[in-house]
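Just so we're on the same page: letters track the sequence lines, and every chain starts at 1.
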There are 2 protein chains.
Amino acid sequence: MSLKHSLLVMLAEHPASGYDLSQHFKGSVGFFWNASHQQVYQQLKALTEAGWVRFNTEAQADKPDRKIYEITDEGRQAMTQWLREPAEVNKYKDALLIKIYGGDHIEAEVLQAEIQRHQQLHQKSLAKLKAIEQEYLALNRDQQKTMHLPYLTLKYGISAEENWLQWANQCLEVINEKT
Amino acid sequence: MSLKHSLLVMLAEHPASGYDLSQHFKGSVGFFWNASHQQVYQQLKALTEAGWVRFNTEAQADKPDRKIYEITDEGRQAMTQWLREPAEVNKYKDALLIKIYGGDHIEAEVLQAEIQRHQQLHQKSLAKLKAIEQEYLALNRDQQKTMHLPYLTLKYGISAEENWLQWANQCLEVINEKT
DNA sequence: CACATCATGTAAGCCGTTACATGATTCC
DNA sequence: GGAATCATGTAACGGCTTACATGATGTG
């Protein structure tokens with residue numbers, strides 16, 4: 001499992017609350033890893049019990065308290081050890097592709113509409129990633145240097161989304177020709 | 001969950017055994033959906049109990065018996081209903097990208113070696129997909145027509161793998177420059 | 001007035017992986 | 001002799017999702 005370790009990697013950058021971490025999954029990191037807030041809280045509990053993170057409660061006026069988590073030395077050690085281990089090759093699982101695969105069993109229009117719906121969502125996702133890229137490009141050189149590797153993951157997200165959109169257009173053309 | 005429905009889509013093409021189905025996941029379908037043989041057998045059991053598939057035991061000389069599963073009318077109905085439902089957008093989860101994201105915590109050489117290892121695996125996967133494409137292209141027009149939609153999913157696999165490999169090369173260059 | 005955001009969690013259940021189990025044949 | 005392929009499964013565990021729960025503030 002990698003969620004625990006993903007959280008450690010994020011906490012190694014700077015301390016954060018469970019809420020912050022789950023919000024982070026809606027940003028650039030969200031492109032290649034995801035978790036619901038429930039799962040984040042569950043894993044933070046497990047990480048605390050394992051001694052890999054600890055937290056301080058921060059009282060807030062007008063808002064609920066925040067538990068600010070930080071990585072411990074043991075956590076940092078566990079993280080670097082994990083980082084050095086070989087990663088499993090990503091297993092792609094996409095229900096839309098199954099629906100296209102079996103698309104002859106339903107009306108072409110339904111399939112087209114669904115692909116178009118996904119196109120819109122992917123376009124949104126691409127726009128978000130490009131906006132994050134603009135933020136990166138606005139940084140000065142020294143700041144960029146420390147973000148070199150995260151930027152590579154962002155670039156992958158952008159190229160993957162662009163590739164997807166290009167393919168979806170071809171898809172719609174082929175299905176149109178059939179009608 | 002989509003495994004049940006993926007199995008229905010495959011069985012809608014033609015009857016197959018649990019073994020056949022899990023082998024299918026190692027072929028072209030494996031690019032966008034995966035399941036271990038254990039899970040396939042578990043789900044076939046559940047599908048049988050739900051009345052969506054039924055099986056006939058086929059005795060074989062010198063080999064264990066095969067249970068040949070076929071889709072029932074109820075199963076076919078459940079499948080088309082599922083196909084018509086909107087699909088969730090694919091959630092990409094890639095441990096390698098987390099490792100690159102947090103790659104500053106480890107030696108550049110370790111990271112490079114890991115990326116290169118993945119490159120080899122992706123190259124293999126691409127070669128396999130291209131071999132399947134050659135089989136498709138060797139078919140006559142009528143045969144191709146019935147495979148139009150599965151071919152689209154195959155083309156996605158090819159372009160996604162090519163895109164990945166291109167990005168990995170850029171990655172290695174960037175990491176090299178840092179050293 | 002309802003909905004979104006901030007902020008935290010528990011409980012139940014399903015999905016999927018890992019480990020275990022069996023047994024024959026074929027290939028190196 | 002050992003590994004791979006064919007062919008089927010069960011059991012246990014852990015990961016992840018869904019449903020439920022609370023409560024304040026700000027926005028349309």
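- Rounded to 10 degrees, the angle between the two end axes of the helix from dC1(C)-dG28(D) to dC28(C)-dG1(D) is 50°, with five pairs used at each end.
- Under the ring-ring contact (aromatic ring centres under 6.0 Å, His included) rule, Tyr92(A) has a single partner from Phe25(B), Phe31(B), Trp164(B), which is Phe31(B).
- In this structure, CD of Gln23(A) is placed 15 Å from P of dA4(C), rounded to the nearest angstrom.
- Judged by distance alone, with hydrogens and angles left aside, the side-chain atoms of Asp20(A) form a donor-acceptor pair with the main-chain N or O of Ser17(A) at under 3.5 Å.
- Of the two residues contacting DNA chain D, namely Arg66(B) and Lys4(A), the nearest-nucleotide position lying further toward the 5' end is that of Arg66(B).
- Residue Lys93(A) places at least one side-chain N or O closer than 4.0 Å to OP1 or OP2 of dG16(C).
- Remark: the backbone N or O of Gly51(A) is paired with a side-chain donor or acceptor of Thr72(A) at under 3.5 angstrom.
- Put simply, Ser36(A) has no side-chain N or O that comes within less than 4.0 Å of OP1 or OP2 on dT18(D).
- Straight-line distance from the CZ atom of Phe25(A) to the P atom of dC16(D): 10 Å, rounded to whole Å.
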Please enumerate all protein N or O atoms sitting under 3.5 Å from an N or O of nucleotides 9-11 of chain D, with distances to 0.1 Å.
from: dG9(D); atom 1: OP1; to: Lys67(B); atom 2: NZ; distance (Å): 2.2
from: dG9(D); atom 1: O6; to: His37(B); atom 2: NE2; distance (Å): 3.4
from: dA11(D); atom 1: N6; to: Gln42(B); atom 2: NE2; distance (Å): 3.4

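- Residue Asp73(B) places its CG atom among 12 or fewer non-hydrogen atoms of other residues, nucleotides or ligands, all under 6.0 Å distant.
- For the OP1/OP2 pair of dT8(D) and a distance below 4.0 Å, the side-chain nitrogens and oxygens of Tyr19(B) include no atom meeting the criterion.
- Phosphate proximity of dT8(D) to Ser17(B): present, with a side-chain N or O under 4.0 Å from OP1 or OP2.
- When the C1' atom of dA7(D) is taken as reference, atom CD of Gln39(B) falls 18 Å away, rounded to whole Å.
- dC15(C) atom P lies 13 Å from atom CD of Glu88(B), rounded to whole Å.
- As rounded to whole Å, 17 Å separates atom P of dG15(D) from atom CG of Asn34(A).
- Checked for salt-bridge contact, Glu114(B) and Arg84(A) miss the test: no charged N lies under 4.0 Å from a carboxylate O.
- Formation of a donor-acceptor pair under 3.5 Å by the Thr48(B) side chain with backbone atoms of Leu44(B) is found in this model.
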For this session: Begin with the C-alpha distance, continue with both residues' side-chain angles, and end with the deciding distance and a verdict on side chain to side chain donor-acceptor pair (under 3.5 Å) for Glu133(B) and Tyr151(B).
Result: CA-CA 8 Å; Glu133(B) 187 181 29; Tyr151(B) 181 51; 2.8 Å; yes
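- Protein atom CG of Asn56(B) is 13 Å distant from nucleotide atom P of dT8(D), rounded to whole Å.
- Remark: P of dA7(C) and NE2 of His24(A) are 16 Å apart, rounded to the nearest angstrom.
- A salt bridge does not link Lys128(A) with Glu161(A): every distance from a Lys NZ or Arg NE/NH1/NH2 to an Asp or Glu carboxylate oxygen is 4.0 Å or more.
- Remark: C1' of dA7(C) and CD1 of Ile68(A) are 11 Å apart, rounded to the nearest angstrom.
- Under a hydrophobic clustering in which Ile, Leu, Val, Met, Phe, Trp and Tyr are joined whenever their side-chain heavy atoms come within less than 4.5 Å, directly or via other members, Ile68(A) and Trp52(A) fall into different clusters.
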